[in-house]
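Scroll down for the structure; my scribbles are underneath it.
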Amino acid sequence: DVQLVESGGGSVQTGGSLRLSCKVSGYTYRTYSLAWFRQAPGKAREGVAAIDSDGPVTYDDSVKGRFAISHDNEENILYLQMNNLKPEDTAVYYCAIRATPLDLAYYSEVAPADFTDWGQGTQVTVS
């Protein structure tokens, strides 16, 4: 029912920037948590950043100060602005949603099992 369609991935040099987008459709509820995850080859999927419908956000320590998550409520697009990219950021990035907000003010990281619907993933390569 819920559709999440990503765009904005690609290849970038170390120190560069990318902005990932996730268009959300078919979602009829007013509350949510939205999140970005990433998965590098041979590694587990890890939480990058998340945002609640009522405002709270959380970031993994590895991206604090470099990445910013935001949501355009009118267009229902989730963004991840990624600045000062490092080779360690190379991964497939996924967006995901859950209907009940997690109250992210109390989270240092989100887990994949907390989310119910996922985008297809988009590759980010930093070299």
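Here the structure is a predicted model, which means the values were calculated and not measured. Note that these values count all heavy atoms, side chains included, but never hydrogens, waters or copies made by symmetry.
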- Task: Spell out, as yes or no, whether a donor-acceptor pair under 3.5 Å connects the side chain of Trp36 to the backbone of Leu20.
- Result: no
- May I have all residue pairs that pass side-chain hydrogen bond (donor to acceptor under 3.5 Å, both in side chains) and include part of residues 10-20, sequence neighbours excluded? Ser17-Asn83
- Item | Spacing of CG belonging to Leu18 relative to CD belonging to Gln81, to within rounding of 0.5 Å | 8.5 Å
- Query: If we only count heavy atoms from C-beta on, is the Arg45 to Arg38 side-chain gap below 4.5 Å?
  - Reply: no
- Item | Side chain proximity check, Val48 to Asp60, heavy atoms < 4.5 angstrom | no
- Message: Membership question, hydrophobic clusters at under 4.5 Å side-chain separation (ILVMFWY): are Val110 and Val24 in the same one?
- Response: no
- Query: Same cluster for Val57 and Leu78 if Ile/Leu/Val/Met/Phe/Trp/Tyr side chains link at under 4.5 Å?
  - Reply: yes
- Query: Is there a side-chain contact between Tyr106 and Thr58 (heavy atoms, below 4.5 Å)?
  - Reply: no
- Quick one: ring pair (Phe, Tyr, Trp, His ring centres under 6.0 Å) partners of Tyr59, sequence neighbours excluded? none
- Item | Selection residues 26-35 - residue pairs positive for side-chain hydrogen bond (donor to acceptor under 3.5 Å, both in side chains), sequence neighbours left out | Tyr32-His71, Tyr32-Asn73, Ser33-Asp52
- Correct closest heavy-atom pair for Pro56 and Leu104 would be O-CD1, 3.8 Å
Would you be so kind as to tabulate the donor-acceptor pairs closer than 3.5 Å made by side chains of residues 116-127, with sequence neighbours excluded?
unit_1	atom_1	unit_2	atom_2	d
Thr116	OG1	Ile97	O	3.2
Gln120	OE1	Glu6	N	3.4
Gln120	NE2	Glu6	O	3.3
Thr122	OG1	Gly9	N	3.4
Gln123	NE2	Ala91	O	3.4
Gln123	NE2	Thr125	OG1	3.3

- Any disulfide bond (SG atoms under 2.5 Å apart) pairs touching residues 21-100, not counting sequence neighbours? Cys22-Cys95
- Message: How close do Lys23 and Ile77 get, counting heavy atoms only, and between which atoms?
- Response: CD-CG1, 3.8 Å
Donor-acceptor contacts under 3.5 Å from residues 63-70 side chains, at least two apart:
unit_1	atom_1	unit_2	atom_2	d
Lys64	NZ	Asp61	OD1	3.0
Arg66	NH1	Asn84	O	3.0
Arg66	NH1	Asp89	OD2	2.7
Arg66	NH2	Ser62	O	2.8
Arg66	NH2	Asp89	OD1	3.0
Arg66	NH2	Asp89	OD2	3.4

- Query: Should Tyr94 and Ile51 be regarded as members of a common hydrophobic cluster, given that ILVMFWY residues are connected when their side-chain heavy atoms come within less than 4.5 Å of each other, either directly or indirectly?
  - Reply: no
- Distance, nearest 0.5 Å, that separates CD of Glu109 from CG of Asp114: 10.5 Å
